[in-house]
There are 2 protein chains.
Amino acid sequence: MAFSHKSSQDDRNVTNQTESYRGWDMTLVPGMDGRTLEPHHDCPVEVALEALKGRWTTLVLRELMHGDKSYGALSQSLPKLSDKVLTDVLTHLRKCGVVSRTVFRGFPNRTLYRLTATGWEIRPLLIELYRTGLRMRKSC
Amino acid sequence: MAFSHKSSQDDRNVTNQTESYRGWDMTLVPGMDGRTLEPHHDCPVEVALEALKGRWTTLVLRELMHGDKSYGALSQSLPKLSDKVLTDVLTHLRKCGVVSRTVFRGFPNRTLYRLTATGWEIRPLLIELYRTGLRMRKSC
DNA sequence: CGGAATCCTATCGGATACTG
DNA sequence: CAGTATCCGATAGGATTCCG
């Protein structure tokens with residue numbers, strides 16, 4: 001076996017897999033949800049990637065993982081991010097159930113953004129993305 | 001602390017973090033590469049996400065993680081994927097150094113696609129994406 | 001068989017200006 | 001302060017047709 005990354009379950013002969021191999025790698029695809037023949041929003045991989053979609057999304061998540069922040073604080077943390085796109089990102093993250101918004105009325109208004117419990121689920125994934133990205137850069 | 005996901009290093013008071021908090025979570029952001037103030041291709045998180053970008057990309061990767069495949073075999077594995085997009089995905093993955101291509105001349109021609117060593121680095125990430133996506137669905 | 005070329009549409013991301 | 005409204009250019013993705 002040229003690569004040690006495949007699970008030991010795959011140590012059967014796969015030389016002729018093109019036509020005859022019909023099994024699934026249970027480590028990679030543990031459930032039926034991962035066996036889709038086309039893109040589908042219910043696929044767990046897509047659920048996670050959907051939340052991270054967008055050029056600025058992971059940066060906003062990183063900021064919120066350092067603590068709750070107001071709209072203005074987020075804007076200052078990422079100065080190159082325009083109001084329009086910041087609003088887009090926050091709306092998207094709220095739709096995904098990753099971020100909550102609390103408005104405090106007064107003069108001036110304040111709005112606090114914070115990760116939900118679901119949002120915190122993304123933390124280990126972000127760490128794994130960083131780790132994998134580092135290793136990919138090295139081997140190029 | 002409402003959430004146990006933050007590293008213990010963050011157990012200092014972050015109630016007033018909006019203005020005074022200037023530290024970084026070293027578990028989440030272990031190096032300077034993760035401290036960018038704007039999107040940048042060298043950021044490890046973006047390197048990894050760039051490779052996975054595209055509606056069909058993870059599905060093609062899944063197929064290749066079950067073994068090397070020809071163009072036609074990939075096309076049959078994912079019948080709803082058009083030639084144009086399949087070519088786009090494979091070109092993209094080759095540019096990222098994730099997939100290699102070997103052409104066998106003859107009648108008919110054959111072309112074999114296989115993951116590179118860099119490509120196999122993505123396997124644990126895909127597993128983590130699946131795991132996270134599952135947990136995100138449950139908490140919705 | 002394994003694509004490339006062309007065309008078309010939808011969504012994304014950015015700039016700018018304005019508002020409660 | 002915390003957005004909304006409008007416009008616009010750049011991609012992404014899909015359908016179809018053609019080629020070595």
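Within every chain, numbering begins at 1; the chains are lettered A, B, ... in the order of the sequence lines, protein sequences first and strands thereafter.
When each of D:dG3, C:dG3, D:dA2 is scored by its nearest atom to the side-chain atoms of B:Thr87, the top-ranked nucleotide is C:dG3. Comparing atom distances between the A:Arg101 side chain and each of C:dG3, D:dG3, C:dC1 picks out D:dG3 as nearest.
Between B:Leu112 atom CG and C:dG3 atom C1' the separation is 16 Å, expressed in whole Å. Here the P atom of nucleotide C:dT19 and the OH atom of A:Tyr71 are 17 Å apart, to the nearest Å. With rounding to whole Å, A:His92 atom NE2 is found 12 Å from C:dT11 atom C1'. Between B:Leu86 atom CG and C:dA4 atom P the separation is 10 Å, expressed in whole Å. Atom CG in B:Leu74 sits roughly 10 Å away from atom P in C:dG2 (whole-Å rounding). Atom-to-atom, CG of A:Asn109 to P of D:dC1 comes out at 11 Å; the value is rounded to the nearest Å. Following rounding to the nearest Å, A:Lys95 (NZ) and C:dC12 (C1') show an atom-to-atom distance of 13 Å. Atom CG in A:Leu59 sits about 14 Å away from atom C1' in C:dG13, given to the nearest Å.
The nearest pair of heavy atoms linking A:Thr57 to A:Leu52 is CB-O, 3.5 Å.
Within the nucleic acid shown, A:Thr111 comes within 4.0 Å of sugar-phosphate atoms alone, with no base atom in reach, counting heavy atoms only. If you check every strand for non-hydrogen atoms under 4.0 Å, B:Phe104 touches nothing. Note on A:Arg105: nothing from the nucleic acid sits closer than 4.0 angstrom, heavy atoms only.
From B:Trp120, atom CH2 reaches atom CZ of B:Arg114 across 10.0 Å, with rounding to the nearest 0.5 Å. Residue B:Glu63 holds its CD atom at 4.0 Å from NZ of B:Lys69, rounded to the nearest 0.5 Å. Here the CD1-OG1 distance, from B:Ile127 to B:Thr132, works out to 11.5 Å after rounding to the nearest 0.5 Å. Of the inter-residue distances, the one linking A:Ser70 atom OG with A:Asn109 atom CG reads 12.0 Å to the nearest 0.5 angstrom.
Counted within 6.0 Å of CZ on A:Arg105, heavy atoms from surrounding residues, nucleotides or ligands total 12 or fewer; the atom is thus considered open.
Between A:Tyr113 and D:dG3, a side-chain N or O to OP1/OP2 separation shorter than 4.0 Å is present.
Residues A:Val98 and A:Glu121 form no side-chain contact, since every pair of their non-hydrogen atoms from C-beta on lies 4.5 Å or further apart.
With A:Arg137 as reference, B:Asp33 is the one residue of B:Thr118, B:Asp33, B:Asp42 to meet the side-chain hydrogen bond (donor to acceptor under 3.5 Å, both in side chains) rule.
Ring geometry, B:Tyr113 versus B:Tyr71: the interplanar angle falls from 30° to 60°, so the pair is classed tilted.
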Find every protein N or O atom lying less than 3.5 Å from an N or O atom of nucleotides 12-16 of chain D, and list the pairs.
| from | atom 1 | to | atom 2 | distance (Å) |
| --- | --- | --- | --- | --- |
| D:dA12 | OP1 | B:Lys53 | NZ | 3.3 |
| D:dG13 | OP1 | B:Arg55 | N | 2.9 |
| D:dG13 | N7 | B:Lys84 | NZ | 3.0 |
| D:dG14 | OP1 | B:Arg55 | NE | 2.5 |
| D:dG14 | OP1 | B:Arg55 | NH2 | 2.5 |
| D:dG14 | OP2 | B:Trp56 | NE1 | 2.9 |
| D:dG14 | N7 | B:Lys84 | NZ | 3.4 |
| D:dG14 | O6 | B:Lys84 | NZ | 3.1 |

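In the helix from C:dC1-D:dG20 to C:dG20-D:dC1, the rotation axis of the first five pairs and that of the last five pairs differ in direction by 50°, rounded to 10 degrees.
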